[in-house]
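So you know, we letter chains A, B, ... as the sequences are listed, proteins then strands, and number each from 1. All heavy atoms count here, side chains included; hydrogens, waters and symmetry mates do not.
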2 protein chains.
Amino acid sequence: MVKISDVARHAGVSPSTVSYVLSGKRTISEDTRRRVQESIDALGYTPHAGARALASNRSNVLALMLPLRPGIHVPVVMQFAASVVTTARAHEHDVLLLTQEEGADGLRRVAGSALADALIVMDVQLHDDRIPQLRTLDRPSVLIGFPAEPDGLTCVDLDFRAAGALCVEHLAALGHRCVDLVGSPPEVYERETGFAQRVAEGFREAGAAHGVTSVIHPCEATPEAARRTAERLLALHPELTAIVVHNEPIVAPLVAAFRDLGLRVPEDLSVVALCPDEIAERAPMPLTSVAIPAEELGSRAVQLLMAKLDGRPVPDATLLPPRLTVRSSSAVRRPA
Amino acid sequence: MVKISDVARHAGVSPSTVSYVLSGKRTISEDTRRRVQESIDALGYTPHAGARALASNRSNVLALMLPLRPGIHVPVVMQFAASVVTTARAHEHDVLLLTQEEGADGLRRVAGSALADALIVMDVQLHDDRIPQLRTLDRPSVLIGFPAEPDGLTCVDLDFRAAGALCVEHLAALGHRCVDLVGSPPEVYERETGFAQRVAEGFREAGAAHGVTSVIHPCEATPEAARRTAERLLALHPELTAIVVHNEPIVAPLVAAFRDLGLRVPEDLSVVALCPDEIAERAPMPLTSVAIPAEELGSRAVQLLMAKLDGRPVPDATLLPPRLTVRSSSAVRRPA
DNA sequence: ATGAAAGCGCTAACAC
DNA sequence: GTGTTAGCGCTTTCAT
C-alpha cells in the first residue's frame, strides 16, 4: 500500500506538504504542487480513510437512515437515496446506509464510533424515539419530515400546506367552485407524521380564499372504502365537479369508482392527486398531481449538513415548494 | 469522547485488556471480563472506527454499488439492499452506498482508501468495465450476475436456466403440451447480462425433456409489440395452451392482448411470468411466477464476502434455485 | 491471564 | 513556502 511518506519521498518534499497539497489548507508554490500531484498520480496514491479520520476527527461519511417498511413508496425512497449519495459525493463525502430497524441505537453507534460525521434521518414520525437520541448526539443531523417538537432540530420536507393549497388553486383557476378532499385514513390525522393535517389546512384555507366550497373526507386505504366515499361525496354534493386525493393506494380505485357512477374524468369531474409522480403517470388515465420532490429533498438535506459541518448557520425548517404537473385528469369546469 | 484508556482506568486494567475483551482474541478471566464490560456500559464507550481501521487494517465496512438506472425494477434493488445491510450488521459490518455512476473509479477509491474491506457489485453486465478494476483490487468482491469471463470472480445470481426449466415443468405437469416463451427484446439476447439466453436454454431443454412443443419469441418491450406477438403466436400455434413470459414491462399488455383475442386466462391459456413478485401480484389477474430472490441474493453475497474476509474458500459461482409461486394464471389444460 | 509499548498513516500545530 | 514532529485511539507483539 502506498502511503503519504512514499509520495513525499518520490516528490522530494515532506509528508505535510503532500497533505497540504491535498487539503489546500496552506498556500503551496505552483511548482511544488505540480510535482506532488505528479507523484500522487504516478504512485496511484489514495489516502487511508481511517488514518485521516483519526488525525482530522472527520470521517467524511454521512449516515443515511432509510425506511424499508411497507407503506412507504419505494421509488421515492430510492430517488431520495440516490440524490443524497450524488450530492454527498459532490462534497467529497460518502454515505453509510442504515435501516430504520437500527433505530436510535444505530444512530448512537455510528455517531459514537465517529464512523459518520453527520446523520440524515428519513420518515420521521410525530413522536419518534430517535429524536431524543439525535438531541444528545454531538453530531449534526437533518430530519426529513417534522416531529411534534422540532425546536432546535433541522428539518426538511415538502410544504404540505402549500401543496394542499396549490391543488385547490389549480382547480379554482379552472373554474371549479365545489372541491372535496379525499384524504388519508382517519387515524393518520391523529398520529403519524403530521403531514395529513397540514395538507388539510392548506386545502381549507385556499378554498376559503378562492370562494370554493370544500369538504375534507378522511378515507380508509381500501378499494371498498374508496367506492363508498365516492358515493357519499356525490350524495352530499351533487354539484361536485372536482376532487383532490391525498391517499396513494386508493387513487386508482377512487377514479374507477367515479367512472362507474357515471362521471367521466375530466369532463364531469377533475381529479388532482397528491402522490409520487410514478403513480400519477402510470394510472390508467395520467393524473394531474403534486409530487414528493425526492431528489430535491435529498440534495437539500446534504447541503444543510455540509453547512452545519462548516459551522455555517442553517434554518431550522426548510419547506420545499410544491410543484403541480398538469396531466389528463383536470380540465376547465363545464357549464352544467 | 470516551476512549479505551478511560475504560481501562475505570476498570483498573490495561487498555490492551479492554481491547481483548472486545475482540475475544485472548482468554480473559471471567471476573476481569465482567468488570471491563461494566465500565464500558457505565461510560458508554464506543470504539473509534477510524482508529480501529488504522490499527487493525479492517474497516468493518462493505461497499455496495447499486444500479439506479431506469429499467431496473426498483423494489427489487431496495429489497436486495435491505438484505445486504441487515446481513452485514449481523456480521458486525456496515454498508457504504455507491451508485453505478461512480463506476470503476469509485471501486478503486473505496478500496484504495481502505474505507471498505470488501465490495458488492450489483447489475453486472456481460462486458462490464468494472470487472478489470475488481481483478486488480486487493480486496474481495462479490458480483450479482455473471460477466462474460467470470473466471476467478465470485458471482451470485438466480439460476436462470433452472428458472426457465421450472416454468415449463410447472406447465407440463398441468398437462400442457405446447408452450411458447415470450422473451426479452432481440438485442438483449446478444449483449446485456446474458441471463436471457440462460432462461431460453432452460426453457428449451425442459421442453425437450417433457415432450413439450416449445418456441422462443423475442419481443420488444412495448404494448404494440406484445399485441403483435400474441397474434403471431396464435397464428403459428392454434393448439397453444400456455406461455411463459420473460419480459417485465409487457406482462400485463400481453395478457390483455390474449384476452382481446378471445382467450381466457387461465381457462384457455395458462401464463407463467418470470418477473418480480410485486408485478406478478399486482397484475389485473395475479400471475403464477418465478421471482428474483432479492433477499436471498443479498444475504448470500454478504455471507460469501465474510467467508472470503476470513480466508475461507468459496465457490466461484453460486446459483440460487428458482421458486415458483402458483397464482391464478395457470391451470390444468382443458380438453379441446 | 495480563501489561507495556510500538506502531498503523495521517493532520495540524509549531518552527523557520 | 516548506519541514519537523507530536499526537489521533486503537490493535497486537513481546514480555512476564
Side-chain angles (χ1 to χ4, degrees), chain A residues 1-37 39-40 43-61 92 109-117 138 309, chain B residues 1-37 39-40 43-61 92 109-117 138 309:
Chain A
M1 187 213 181
V2 36
K3 56 184 77 160
I4 201 170
S5 57
D6 298 330
V7 176
R9 198 174 321 112
H10 188 272
V13 299
S14 75
S16 63
T17 297
V18 177
S19 176
Y20 284 119
V21 165
L22 252 17
S23 70
K25 290 186 179 174
R26 193 192 238 189
T27 44
I28 303 278
S29 75
E30 189 43 44
D31 181 56
T32 303
R33 177 194 307 288
R34 191 184 38 67
R35 282 209 331 282
V36 168
Q37 190 57 59
S39 298
I40 288 174
L43 301 181
Y45 169 64
T46 313
H48 189 289
R52 212 167 219 198
L54 182 56
S56 69
N57 203 22
R58 279 295 200 93
S59 66
N60 273 35
V61 168
E92 312 267 60
R109 188 176 60 80
V110 296
S113 65
L115 232 183
D117 293 334
D138 47 336
L309 286 171
Chain B
M1 186 214 181
V2 36
K3 56 185 76 161
I4 200 169
S5 56
D6 298 330
V7 176
R9 197 172 323 110
H10 187 273
V13 298
S14 75
S16 61
T17 297
V18 176
S19 176
Y20 283 119
V21 165
L22 252 16
S23 70
K25 290 186 179 172
R26 192 190 239 187
T27 44
I28 303 278
S29 73
E30 189 42 44
D31 181 58
T32 304
R33 178 194 306 288
R34 191 183 39 67
R35 281 207 336 278
V36 168
Q37 191 56 57
S39 298
I40 288 174
L43 302 180
Y45 169 63
T46 314
H48 189 290
R52 215 168 217 196
L54 182 55
S56 69
N57 202 23
R58 280 294 200 93
S59 66
N60 273 36
V61 168
E92 313 267 61
R109 188 176 61 78
V110 297
S113 65
L115 231 184
D117 294 333
D138 46 336
L309 286 171

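Neither side chain, S19(A) nor S16(A), offers a donor N or O lying under 3.5 Å from an acceptor on the other.
Close to dC10(C), at under 4.0 Å from its OP1 or OP2, lies no side-chain N or O of S19(A). Dashed line: the shortest gap from a side-chain N or O of K25(B) to OP1 or OP2 of dT12(D) is under 4.0 Å. Between Y20(B) and dA4(C), a side-chain N or O to OP1/OP2 separation shorter than 4.0 Å is absent. Taking 4.0 angstrom as the limit, T32(B) places a side-chain polar atom (N or O) nearer than this to OP1 or OP2 of dT2(C). Within the structure, every side-chain polar atom (N or O) of S23(B) is placed at least 4.0 Å from both OP1 and OP2 of dT11(D).
One donor-acceptor pair, N or O on each side, does fall under 3.5 Å between the base of dA4(C) and the side chain of S16(B). With hydrogens and angles ignored, no donor-acceptor pair closer than 3.5 Å exists between the side chain of R26(B) and the base of dT12(D). Counting distance only, with no hydrogens placed and no angle test, the side-chain atoms of R52(A) and the base atoms of dT11(C) include no donor-acceptor pair under 3.5 Å.
dT11(C) atom P lies 7 Å from atom CG of L22(A), rounded to whole Å. Taking atom CZ of residue R58(B) and atom C1' of nucleotide dG9(C), one finds them 19 Å apart after rounding to whole Å. The nearest whole Å value for the distance from the CG atom in D31(A) to the C1' atom in dG1(D) is 12 Å. In this structure, NE2 of H48(A) is placed 16 Å from P of dC10(D), rounded to the nearest angstrom. For the pair R33(B) CZ and dT2(C) P, the interatomic distance rounds to 9 Å; values are reported in whole Å. In this structure, CG of L43(B) is placed 15 Å from P of dG9(D), rounded to the nearest angstrom. The separation between L54(A) atom CG and dG7(D) atom C1' is 9 Å, rounded to whole Å. In this entry the distance linking CD1 of I28(A) with C1' of dT11(C) reads 13 Å, nearest Å.
Heavy-atom distances under 4.0 Å link DNA chain D to G12(A), V13(A), S14(A) of residues 7-15 of chain A, given in residue order.
The two residues L115(A) and A49(B) make their nearest non-hydrogen contact at CG-CB, 3.8 Å. Across every non-hydrogen atom of A51(A) and L54(B), the tightest pair is CB-CD1, 3.7 Å.
The side-chain heavy atoms of L22(A) and I40(A), taken from C-beta on, include a pair separated by under 4.5 Å. T17(A) places a side-chain heavy atom less than 4.5 Å from the side chain of S14(A).
Of the listed nucleotides (dG9(C), dG9(D), dT2(C)), dT2(C) has the atom at the smallest distance from the side chain of T17(B). Listed candidates were dT2(C), dT11(D), dG1(D). Nearest to the side chain of I4(B) is dT11(D). Among the nucleotides dT2(C), dC10(C), dT2(D), the one closest to the side chain of S29(B) is dT2(C).
Put simply, the side chain of R52(A) never gets that close to the backbone of S113(B): no donor and acceptor are under 3.5 Å apart.
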- So R35(B) and D31(B), side chain to side chain contact (heavy atoms under 4.5 Å, CB included) or not? Walk me through it. CA-CA 6 Å; R35(B) 281 207 336 278; D31(B) 181 58; 3.1 Å; yes
- Item | Intermediate values then yes/no, salt bridge (charged side-chain N to carboxylate O under 4.0 Å, His left out), R9(A) and D6(A) | CA-CA 5 Å; R9(A) 198 174 321 112; D6(A) 298 330; 3.7 Å; yes
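Of the two residues near DNA chain C, E30(B) and S56(B), the one whose nearest nucleotide lies more 5' is E30(B).
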